[in-house]
Asks: 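Have a look at this one before I ask anything.
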Amino acid sequence: QPQVDGSGRMIGAEALLRWRHPVRGNVSPGEFIPLAEETGLIIPIGEWVLRTACAQLQAWAKTPATRHLTIAVNVSASQFRQPDFVEHVRSILALSGAPAAQLKLELTESALADDVATVVAKMTALKETGISWSLDDFGTGYSSLSSLKRLPLDQLKIDQSFVRDLQTDPRNMPIVEAILSLSETLDLLVIAEGVETEAQLVALAGAGCRYFQGFYFSRPLPIADLDRFLAAQG
Ligand code: C2E
Ligand code: CA
Ligand code: CA
């Protein structure tokens with residue numbers, strides 16, 4: 001799914017898994033990701049997602065028109081917890097030849113619930129390869145502001161629940177503003193997800209948000225359609 005700036009220009013994409021089952025049709029990740037986590041299959045699946053994203057980055061790096069694009073990959077808590085997670089990502093990056101600076105890893109707050117020192121060490125080790133870190137679904141889980149300060153994060157993602165009810169629930173705007181001002185203090189970028197309407201975009205941009213993702217710009221697309229989306233931007 002494209003991620004865009006305030007003028008709608010694509011700055012990158014988030015990799016979102018799809019499973020086309022021969023009998024059951026499209027199975028949503030909301031259904032199969034929790035199962036994959038329970039069974040441990042999330043480890044090989046997660047590696048495949050990373051390899052596929054890195055191959056795409058490597059392809060984009062060859063063309064001036066696409067080499068600035070980033071790909072954000074979701075990393076589940078159990079994947080991040082693997083003792084050899086850092087080594088795995090490093091070797092996938094090295095083997096693919098993808099520019100690490102274009103790879104973004106998205107963690108949710110549940111991945112950060114472990115011992116802060118361990119989490120910081122892992123994140124720092126990978127950051128040294130050039131990748132960046134984004135905190136997904138921000139504001140919905142548990143994260144202490146003091147640990148947030150210690151983590152080598154680059155970006156917060158404003159959760160779609162705050163964006164969705166922006167017009168209907170007046171309490172959401174102050175939350176969005178608080179996230180934006182917090183991120184400025186901590187020197188973090190912010191992206192709002194789940195942007196579906198122009199009114200939401202206007203409200204978010206007015207509050208100082210500069211990056212966006214959501215159906216208003218584009219639904220998640222197969223890679224061939226994403227290339228067409230890009231080409232249409234000229
Ligand atoms: P997420 O990381 O929070 O991803 C955003 C979800 O919001 C995606 O659902 C996306 O299709 C949906 N979305 C995007 N724009 C809009 C919008 O404007 N309105 C609405 N209502 N929804 C929007 P999706 O693709 O069904 O994925 C659900 C979750 O599954 C993801 O939530 C993520 O937690 C997980 N997931 C997907 N791919 C992977 C993966 O490769 N690895 C792991 N570990 N988890 C994944
Ligand atoms: Ca995500
Ligand atoms: Ca999210």
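Positions are given from 1, in the same order as the sequence printed here. For the numbers below, each heavy atom of this structure counts, side chains included, while hydrogens, waters and symmetry mates do not. Ligands are counted one by one from 1 in listed order, and the atoms in each one are counted from 1 as well.
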Asks: State if Ser28 counts as touching ligand 1 under the rule of any non-hydrogen atom under 4.0 Å.
Replies: no
Asks: When you compare ligand 1 with Gln213, is there at least one nitrogen or oxygen pair between them that comes in under 3.5 angstrom?
Replies: no
Asks: Donor-acceptor pair, distance only, cut-off 3.5 Å: does the side chain of Lys122 make one with the backbone of Phe80?
Replies: yes
Asks: Which angle, to the nearest 10 degrees, do you find at the Ca ion (ligand 2) between OD1 in Asn74 and OE1 in Glu106?
Replies: 90°
Asks: Are Leu112 and Met123 packed together at the side-chain level, in the sense that at least one heavy-atom pair is separated by less than 4.5 angstrom?
Replies: yes
Asks: What I'd like to find out is whether the side chain of Leu16 reaches to under 4.5 Å of the side chain of Asn74, using heavy atoms alone.
Replies: yes
Asks: Quick check for you: with the Ca ion (ligand 3) as the vertex, what angle do OD1 of Asp136 and OD1 of Asp137 span, to 10°?
Replies: 90°
Asks: Quick one: does atom 34 (O) of ligand 1 have a protein heavy atom under 4.0 Å from it?
Replies: no
Asks: Distance only, no hydrogens: is a donor on one side chain within 3.5 Å (strictly under) of an acceptor on the other, for Glu193 and Gln213?
Replies: no
Asks: Identify which of Val73, Asn74, Leu16 has a heavy atom lying nearest to atom 42 (N) of ligand 1.
Replies: Asn74
Asks: Give me the residue, atom name and distance of the protein heavy atom closest to atom 46 (C) of ligand 1.
Replies: Ile33 CD1, 3.7 Å
Asks: Would you indicate whether the side-chain heavy atoms of Leu126 and Arg90 approach each other to under 4.5 Å?
Replies: yes
Asks: Which atom name would you report as the N, O or S atom of Glu14 nearest the Ca ion (ligand 2)?
Replies: OE2
Asks: For atom 3 (O) of ligand 1, find the nearest protein heavy atom and state the residue, atom name and distance (0.1 Å precision).
Replies: Asp137 OD1, 3.4 Å
Asks: Which word best sums up how the rings of Trp19 and Phe32 line up, parallel for under 30°, tilted for 30 to 60°, or perpendicular for over 60°?
Replies: perpendicular
Asks: At what distance is the nearest protein heavy atom to atom 18 (O) of ligand 1, and which residue and atom is it?
Replies: Phe215 N, 2.8 Å
Asks: Is a donor on one side and an acceptor on the other found under 3.5 Å between the side chain of Glu106 and the backbone of Asp137?
Replies: no
Asks: Suppose we measure from atom 21 (N) of ligand 1 to each protein heavy atom; which comes out shortest, and what is that distance?
Replies: Glu196 OE2, 3.0 Å
Asks: Nearest protein heavy atom to atom 28 (C) of ligand 1, by residue and atom, and its distance?
Replies: Pro29 CG, 4.0 Å
Asks: Give the numbers and elements of all ligand 1 atoms closer than 4.0 Å to a heavy atom of Val49.
Replies: 41 (O)
Asks: Would you say Tyr216 has any N or O atom under 3.5 Å from an N or O of ligand 1, going by distance alone?
Replies: no
Asks: Main chain of Phe138, side chain of Glu109: is a donor-acceptor contact present, judged purely on distance under 3.5 Å?
Replies: no
Asks: Judged on heavy-atom distance to atom 44 (N) of ligand 1, which of Gly46, Ala77, Ser76 sits nearest?
Replies: Ser76
Asks: Is a side-chain N or O of Gln79 found less than 3.5 angstrom from the main chain of Val75, in a donor-acceptor match?
Replies: no
Asks: Of the protein's non-hydrogen atoms, which lies at the shortest distance from atom 14 (C) of ligand 1, and what is that distance?
Replies: Gln1 OE1, 3.0 Å
Asks: Would you say Asp115's side chain and Thr118's backbone share a donor-acceptor pair under 3.5 angstrom?
Replies: yes
Asks: Please report the interatomic distance CD1(Ile175) to CG(Asp169), rounded to the nearest 0.5 Å.
Replies: 7.5 Å
Asks: When you measure from atom 38 (N) of ligand 1 to every protein heavy atom, which one gives the shortest distance, and what is it?
Replies: Leu17 N, 3.1 Å
Asks: I want to know if ligand 1 touches Arg18 in the polar sense, i.e. an N/O pair below 3.5 angstrom.
Replies: yes
Asks: Check each of Lys104, Gln1, Gln3, Lys157 against Glu14 using the side-chain hydrogen bond (donor to acceptor under 3.5 Å, both in side chains) test, and report the only one that passes.
Replies: Lys157
Asks: Considering heavy atoms of the protein only, find what lies nearest to atom 7 (O) of ligand 1 and give residue, atom and distance to 0.1 Å.
Replies: Gln160 NE2, 2.7 Å
Asks: Strictly under 3.0 Å, is any N, O or S atom of Glu193 next to the Ca ion (ligand 3)?
Replies: yes
